[in-house]
Structures are given as structure tokens and as C-alpha cells.
Amino acid sequence: MGSRATNVLLSRANRIRQKLQSTLETSVLEIEDVSYQHAGHAGVKGDANETHFNIKIVSPKFDGQSLVKRHRMVYDLLADELQSGLHALSIVAKTPQEELKVS
């Protein structure tokens, strides 16, 4: 089975997890599907699910990057998901040092 067929079998949340973990070397990655909160909204077509996610990501690759650049990195990694039904992301993107300050 090719990788494309495998991607179809994985949930969108799992595909997001794989893409972000492998590229950004995350130490924290929390993905919450909040699509149910948006059922019936204009951006949700029919009974689509896995369309809205909250993501908290901690990565050393964010070091020295502005918040806008961090978000762009995430959006760029998930471009194919955004083209295939992912409608919205809420992103919290921190460096490990920023995460330690919160703890």
C-alpha cells in the first residue's frame, strides 16, 4: 500500500501529528479536534468532520522566529490538509524555553 493510500486511512489529526512531529521535532504536541463546535457554520460543508483544530506545539525550530513565522511554518506543513477540507487552526507555538517559563 502506497503512502497516499495510507494517508487516506489515517485520521486528519493523525496526519497532522505525523507531519508536525517529524519536521518540527516537537517536545509537546497537543491536537484537539473542535469541529463539533462549528457544525452548521458556513465554512463547514455538509456533515464534514475534522475541519477545525486547536494545536499547541513546542519546538526548538521556533527559536528566533517571530510568532507570524512560527504560524507560517505550521500552515506550510499542513498546506495539503488545508486544500482537502481542513478549515481552521488555532495555534499556540512556543520554544522549549518559553514553555519552561510557563511551568
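FYI, the numbering just counts along the sequence from 1. The structure presented is a predicted model; accordingly, all values stated were derived computationally and were not measured.
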- [ ] Please go through Val68's hydrophobic cluster and name the other residues, only I, L, V, M, F, W, Y counting, with side-chain heavy atoms under 4.5 Å joining them.
- [x] none

Open item on the list: Using a 4.5 Å cut-off between side-chain heavy atoms of Ile, Leu, Val, Met, Phe, Trp and Tyr, which other residues end up in the same hydrophobic cluster as Val92?
Closed with: none

Open item on the list: Applying salt bridge (charged side-chain N to carboxylate O under 4.0 Å, His left out), can you list everything that pairs with Lys69, at least two apart in sequence or on another chain?
Closed with: none

Open item on the list: So, using salt bridge (charged side-chain N to carboxylate O under 4.0 Å, His left out) as the criterion, who are the partners of Arg12 when residues are at least two apart?
Closed with: Glu81

Task: side-chain hydrogen bond (donor to acceptor under 3.5 Å, both in side chains) contacts in which one or both residues fall within residues 55-68, not counting sequence neighbours - done: Lys56-Glu99

In residues 20-29, what donor-acceptor pairs under 3.5 Å come from side-chain atoms, sequence neighbours left out?
| from | atom 1 | to | atom 2 | distance (Å) |
| --- | --- | --- | --- | --- |
| Ser22 | OG | Gln18 | O | 2.9 |
| Ser22 | OG | Lys19 | O | 3.4 |
| Thr23 | OG1 | Lys19 | O | 3.2 |

Open item on the list: Test of understanding: with side chain to side chain contact (heavy atoms under 4.5 Å, CB included), list the residues that count as partners of Ala13, not counting sequence neighbours.
Closed with: Ser11, Ile31, Glu50, Phe53

TODO: Check side-chain hydrogen bond (donor to acceptor under 3.5 Å, both in side chains) between Gln97 and all other residues, then give those that pass, not counting sequence neighbours.
DONE: Thr95

Open item on the list: Taking side-chain hydrogen bond (donor to acceptor under 3.5 Å, both in side chains) as the definition, give me every residue that meets it alongside Arg70, ordered by chain and number, with sequence neighbours left out.
Closed with: Glu98

Task: Point-to-point distance, once rounded to the nearest 0.5 Å, from CD1 of Ile91 to CG of Leu78 - done: 7.5 Å

Open item on the list: If I take atom CD1 from residue Ile16 and atom CD1 from residue Ile55, how far apart are they, to the nearest 0.5 angstrom?
Closed with: 5.0 Å

TODO: Give the cluster check for Val34 versus Leu89: same hydrophobic cluster or not, with ILVMFWY residues linked at side-chain heavy-atom distances below 4.5 Å.
DONE: no

- [ ] List the steps, then state whether side-chain contact (heavy atoms from CB on, under 4.5 Å) holds for Leu67 with Phe62.
- [x] CA-CA 9 Å; Leu67 185 57; Phe62 293 149; over 6 Å; no

